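Some notes on the structure that comes next.
Just follow the structure's listing: the first ligand is 1, and inside any ligand the first atom is 1. Computed from a predicted structure; not experimentally measured.
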Amino acid sequence: MNDVVVLNKKETIALIQIQNSPVNALSHAVRQGLMEAVRESLEDPAIKVLAITGSGKFFSAGADIQEFGKPSLEPQLPQICNAIESCSKPVFALINGTALGGGFELGLSAHFRVATVSAKIGLPEIHLGLLPGSGGTQRLPRIIGADKALKMMLNGQPVSAGEGLAYGMIDRVEESGELISASMDFMLETTAGKHPRIPTRERTEGLQDEAANHVAIGEHRNTWQKKGKGLYSPFQIIDCVEKALSTPFEEGLKYERESFARCLESPQRKGLIHAFFAERRCRKIPELREIEPRKLERLAVIGGGTMGGGIAVAALDAGLEVMMVERDEAGLEKGRLNVEKVYDRHISKGRMGPEDKKEVLERFIPSTDFERITDADMVIEAVFEEMEVKKEVFRILDQYARQGAVLASNTSYLDIDEIASVTSRPEEVLGLHFFSPANIMKLLEIVVPSGLSNEVLATGFALGNRMGKVPVRSANSEGFIGNRILGAYSKVAGYMMEDGTSPYRIDEAVRDFGYPIGPFQMFDLAGGDIGWANRKRKATTRDPRERYVEIADRLCERGWFGQKTGRGFYFYEEGSRIGIEDPEVLDIIDMYGIRKIVEDIEEFSVEDPFFWKPSELLKTMAAQGQTFEDLNL
Ligand code: 3HC
Ligand code: NAI
């Protein structure tokens, strides 16, 4: 064979093992090795059964993603799958660990599948803008029906070996880690003709209930028409599964291959695969290669508001012990509720039971006493976005946090160097910028001020990894990364609103484009006060040539900060997170303003200077920022 596929013959059994670390991706060399091993095993009259397995924690993570976009080299994976399926000797897939994408499709083309109890099985191609392109869309529905197959392909999440067994796509689950020896009897029994060798393409269990399959296709298509606007591969997946139900196998396979090729060419595939590698690359910080992060078991969060609550949940979910410190009992009660409501929602959706919530909250210690943070390994501050408030908190943290504790700020915009300067240990202070809702959003910006200790930086990354975030290193610069991008997006949304489009229509258009929420829904979710504080801070240094939209300020002046105050661009009924359109907000936006009127008249006067002439009074009022109401004073 070659280095990455090893063939061992054990009496009548040919053991074909993939050894392509780290994840046993099905690279060209692996495909060549597999094809050769299958051919040799078939030709050897002593061999009665073939068993394909992986190594380490992976059966195979699927096609080698690095190869997409390059010329494809033979043998291609569908050819190998077909060769395995049409083998005259029984072929077993011994799924020793994770089997994803093409890895699972390889398994599906075998005649029998035995999985170790900890194995994870899935078809995540959708996350890469692709579809299962090695027969997965045709073989899987034949075994488990359209609904379950589509669920696996459209949510892309793996299922456990136990679930696979219940679905019927796994024949046996073995408790023992020694999958080969545990499966030996089963394999030998097939040589005695005890278990018939049925190629998956000939299986029909999943096709029996035609009506249910038809309904499933319609339902999934409807769902994705609503939630997947602008996406390409989900609809291709649904079409392929529909073909599996209605056409002969070969025809379906051909259709799948053509659809796969279209997905492969799509810019969405290119973007998503770029993101796949970028997300992995951003964890690799050259100067941290030799650095061990510090111990991280106890986390203190200062502030229990929108962010403090979310960060506490993210940390609890990562198995940490979490202290929350608020400024008074009322704040603490709100903070506690912010945490509890996340778990109550899980309970109401059946994702966890009350006992699980109780167990998690045993690691949650709310307090108004800063002394409680003395044994924390890391402290994350998430109080109001005001430099003086943050400095005061960091002076206190410096007093109570133990030596060696990492101190972090979740500030959205403020200078971490300046915050760190009030402590006696600026090299231990960094920015950890979470995004709202902090327990859900994957991005975590790790903001590096000058002189930061590498150990502290490594500990920031370790926290991100432990929480399952995508930690991204950022310079300590205005708005870091995400908020700089958001700044441009928000500005344009504001201009469009002032120019006459309702914020609700703008949100709708952005959702139609494919975003889960629009910009004004996002402002309400994050809290209007954060951006307002930043705008006030920058008011004196703003370039006078820059157009400034004041509408958001008018809402904030009324205390309408979005979801947390029940009113922002939208109105929120008690306890609801779904906003409704608010006519009062539209009234505020109609307030055009004299400055704008004068600007318009001046613009029109270019065409007709005789008619369009602003009065001196209007010009003075515009220059002085007055309203008509001021004339009555
Ligand atoms: N091809 C090439 N490289 C891969 C790979 C793949 N399918 N999957 C993972 N890798 C690489 C990663 O880039 C990373 O490389 P690096 O160390 O140089 O950065 C290394 O393997 C380890 O990956 P992770 O850091 O992600 O390790 P984890 O243990 O956290 O996760 C995993 C492992 C769950 C397998 C995750 O990597 C993953 O989800 N991989 C993608 C799986 C996938 O989408 N498979 C379908 C591929 S498309 C396909 O099969 C088409 C077929 O239908 C024809
Ligand atoms: P929030 O107003 O919801 O919560 C702030 C909390 O801090 C309040 O509960 C308040 O009682 C508490 N607090 C104030 N002073 C305190 C003190 N001295 N000691 C203890 N607690 C104190 O604000 P939010 O939205 O949670 O923001 C917090 C920080 O996170 C800000 O710096 C903000 O810029 C940042 N941030 C906010 C994001 C968002 O989307 N809301 C996103 C990322 C960062």
For [X], counting its heavy atoms only, list the atoms of ligand 2 lying under 4.0 Å from any of them.
X: H433; value: 43 (C), 44 (C)
X: G305; value: 3 (O), 4 (O), 6 (C), 9 (O), 26 (O)
X: F384; value: 2 (O), 5 (C), 8 (C), 10 (C), 14 (C)
X: I530; value: 25 (O), 27 (O), 33 (C), 34 (O), 41 (N)
X: I302; value: 20 (C)

Using a strict 4.0 Å cut-off to heavy atoms of [X], name the atoms of ligand 1 that fall inside it.
X: E105; answer: 52 (C), 53 (O), 54 (C)
X: P124; answer: 43 (C), 44 (O), 45 (N)
X: G101; answer: 46 (C), 50 (O)
X: P132; answer: 53 (O)
X: P22; answer: 20 (C), 21 (O)
X: S134; answer: 54 (C)
X: E125; answer: 48 (S), 49 (C), 50 (O), 51 (C), 52 (C), 53 (O)
X: F277; answer: 13 (O)

Indicate yes or no: does an N/O atom of [X] lie under 3.5 Å from an N/O atom of ligand 2?
X: T411; value: no
X: E381; value: no
X: A526; value: yes
X: F434; value: no

Are [X] and [Y] linked by a side-chain donor-acceptor pair shorter than 3.5 Å?
X: D317; Y: Y343; answer: yes
X: R262; Y: S259; answer: yes
X: N24; Y: S55; answer: yes
X: Q76; Y: E74; answer: no
X: E256; Y: T137; answer: yes
X: Y515; Y: D507; answer: no
X: E163; Y: S160; answer: yes

Quick test: of every protein heavy atom, which one is nearest to [atom], and how far off is it to 0.1 Å?
atom: atom 8 (N) of ligand 1; answer: V23 CG2, 3.6 Å
atom: atom 39 (O) of ligand 1; answer: L100 CD1, 4.1 Å
atom: atom 23 (O) of ligand 1; answer: R280 NE, 4.2 Å
atom: atom 37 (C) of ligand 2; answer: M307 CG, 3.2 Å
atom: atom 3 (O) of ligand 2; answer: T306 N, 3.0 Å
atom: atom 18 (N) of ligand 2; answer: V393 CG2, 3.5 Å
atom: atom 7 (N) of ligand 1; answer: A63 O, 2.9 Å
atom: atom 36 (N) of ligand 2; answer: S412 OG, 3.1 Å
atom: atom 42 (C) of ligand 1; answer: A61 O, 3.5 Å

Using a plain distance cutoff, I'd like to know if [X] has any nitrogen or oxygen under 3.5 Å from a nitrogen or oxygen of ligand 1.
X: G133; value: yes
X: F68; value: no
X: Q66; value: no

Checklist entry - Does a salt bridge link R537 with E386, judged by any charged N lying under 4.0 Å from a carboxylate O? => result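 Salt bridge: no.
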
Item to check | Min side-chain heavy-atom separation R484-L486 under 4.5 Å | outcome: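 No - every pair of side-chain heavy atoms lies 4.5 Å or more apart.
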
One residue to check: [X]. Relative to ligand 2, which of side chain, backbone, both or neither has a non-hydrogen atom less than 4.0 Å away?
X: Y413; answer: neither
X: D328; answer: neither
X: L414; answer: neither
X: K564; answer: side chain

Next on the checklist: Taking the cut-offs as 6.0 angstrom to the six-membered ring centre and 45 degrees off its axis, would you call R280 and F276 a cation-pi pair?
Outcome noted: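 Yes, R280 and F276 form such a contact.
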
Next on the checklist: Could you measure the distance from the CZ atom of F461 to the CG atom of L432? Nearest 0.5 Å is fine.
Outcome noted: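 Output value for this atom pair is 10.0 Å.
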
Option of least heavy-atom distance to [atom] (set: [options]):
atom: atom 2 (C) of ligand 1; options: D64, L77, I273, L272; answer: D64
atom: atom 40 (N) of ligand 1; options: F260, F104, F58, F276; answer: F276
atom: atom 17 (C) of ligand 2; options: L525, N410, V383; answer: V383
atom: atom 32 (O) of ligand 2; options: K390, E392, E326; answer: K390
atom: atom 5 (C) of ligand 2; options: A438, G303, A382; answer: A382

For ligand 1, indicate whether the residue [X] contacts it via side chain, backbone, both or neither (heavy-atom separation under 4.0 Å).
X: K284; result: side chain
X: L128; result: side chain
X: A25; result: side chain

Item to check | Any protein heavy atom < 4.0 Å from atom 27 (O) of ligand 1 | outcome: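 There is no protein heavy atom less than 4.0 Å from atom 27 (O) of ligand 1.
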
Next on the checklist: Does the protein come close to atom 30 (O) of ligand 1 - that is, does one of its heavy atoms sit below 4.0 Å from that atom?
Outcome noted: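 Within 4.0 Å: no protein heavy atom nearby.
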
Checklist entry - Run the salt bridge (Lys or Arg N to Asp or Glu O under 4.0 Å) check on E85 and R201 step by step: do they pass? => result CA-CA 8 Å; E85 190 178 53; R201 67 173 72 194; 2.6 Å; yes

Item to check | K57 atom NZ: more than 12 heavy-atom contacts under 6.0 Å | outcome: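 Atom NZ in K57 is not crowded, with 12 or fewer foreign heavy atoms closer than 6.0 Å.
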
Item to check | Heavy atoms from other residues, nucleotides or ligands near CG of D3 exceed 12 (cutoff 6.0 Å) | outcome: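 Atom CG in D3 is not packed in, count stays at 12 or less.
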
Checklist entry - Of all heavy-atom pairs between L332 and M324, which one has the smallest distance, and what is that distance? => result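 Residues L332 and M324, closest heavy atoms: CD1-O, 3.8 Å.
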
Checklist entry - Any idea which heavy atoms bring T411 and F480 closest together, and the distance? => result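 That closest heavy-atom pairing would be O-CE1, 3.2 Å.
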
Next on the checklist: Just to check, does L131 reach to within less than 4.0 Å of ligand 1 when the distance is taken from its heavy atoms?
Outcome noted: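 Heavy atoms of L131 do come under 4.0 Å of ligand 1.
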
